[in-house]
Novice: 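Sharing a structure here in structure tokens format.
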Amino acid sequence: DAKTTQPTSMDCAEGRAANLPCNHSTISGNEYVYWYRQIHSQGPQYIIHGLKNNETNEMASLIITEDRKSSTLILPHATLRDTAVYYCIVRGSGTYKYIFGTGTRLKVLA
Amino acid sequence: DVKVTQSSRYLVKRTGEKVFLECVQDMDHENMFWYRQDPGLGLRLIYFSYDVKMKEKGDIPEGYSVSREKKERFSLILESASTNQTSMYLCASSAQGAGDNQPQHFGDGTRLSIL
């Protein structure tokens, strides 16, 4: 079973920030939070990951709460090409396995 | 950028055939993975490899085998294809880093249909 909970779907206006929440209340100390997205008919694309500090790269920002029980992926200026299913995954060291849940279907609206 | 290339995007085979799915990565990654993705079931790990000639079973290895003769290439073999192996197959690779937290990078998948 997935160790994360995400909303089923969200809409976002083009050019606005998209904030995608993820709940991982049972996360343990050595588990990282990873975000991927999957556009229809393509493989999952890695976006960002973090342990406890906030992270930013050219694609997105990851905000992890202090208790690490939830996180938010932020796409600062959403475009139509960001329409995809976004997956939040927790994984610890010592295991290679990802458990993908059902994800959030983000639709960016023109 | 990491590039994981799967040999075919779409493949149609017949029941009982031996099927080979090929995956190549260009980032000198130690780890390589094969998953299948089915609606409502998410991604399920079939096999992975952490070094040349090394392999480990994932959650659903039955009916599959793998081969890793070179670091950059990881092959998935369906010994005798069956209709319940119709699926999207995804290959991934990752580096071995401190804490094993390196992300996996996926190819675009092979949509396999067994008739």
Novice: Is there side-chain contact between A/Tyr87 and B/Leu43, with at least one heavy-atom pair below 4.5 Å?
Specialist: no
Novice: Where does B/Arg9 contact chain A at under 4.5 Å (heavy atoms): side chain, backbone, both or neither?
Specialist: side chain
Novice: Please give me the minimum heavy-atom distance between B/Asn101 and A/Tyr34, naming the atom from each residue.
Specialist: O-OH, 2.7 Å
Novice: Report yes or no: do A/Leu80 and A/Leu75 belong to one cluster of Ile/Leu/Val/Met/Phe/Trp/Tyr joined by side chain heavy-atom distances under 4.5 Å?
Specialist: yes
Novice: If you count heavy-atom pairs within less than 4.5 Å of chain A, which of B/Arg111, B/Gln6, B/Gln37 leads?
Specialist: B/Gln37
Novice: Report whether A/Tyr32 and A/Trp35 are members of the same hydrophobic cluster (ILVMFWY, side-chain heavy atoms less than 4.5 Å apart, transitive linking).
Specialist: no
Novice: Are A/Phe100 and A/Val90 in one and the same hydrophobic cluster, where Ile, Leu, Val, Met, Phe, Trp and Tyr link if side-chain heavy atoms are under 4.5 Å apart?
Specialist: no
Novice: Would you mind checking which part of A/Gln38 comes under 4.5 Å of any heavy atom in chain B, side chain (CB onward), backbone (N, CA, C, O), both or neither?
Specialist: side chain
Novice: Is the CZ atom of A/Arg105 crowded by more than 12 outside heavy atoms at less than 6.0 Å?
Specialist: no
Novice: Going only through I, L, V, M, F, W and Y residues with side-chain contacts under 4.5 Å, is there a path from B/Tyr35 to B/Val24?
Specialist: no
Novice: Using every non-hydrogen atom in the two residues, find where A/Tyr46 and B/His105 come nearest and quote the distance to one decimal.
Specialist: CD2-CE1, 3.8 Å
Novice: Indicate yes or no for a side-chain donor-acceptor contact from A/Tyr36 to the backbone of B/Phe106 under 3.5 Å, with no hydrogens or angles considered.
Specialist: no
Novice: Kindly give the heavy-atom pair with the smallest separation between B/Leu90 and A/Pro44, and that separation in Å.
Specialist: CD1-CD, 3.8 Å
Novice: Quick check: do A/Tyr98 and B/Pro103 have side-chain heavy atoms less than 4.5 Å from each other?
Specialist: yes
Novice: Kindly work out whether a path of hydrophobic side-chain contacts (I/L/V/M/F/W/Y, heavy atoms less than 4.5 Å apart) joins A/Ile89 to A/Val85.
Specialist: yes
Novice: Could you tell me the separation between the CE atom of B/Met88 and the CD atom of A/Gln42, rounded to the nearest 0.5 Å?
Specialist: 9.0 Å
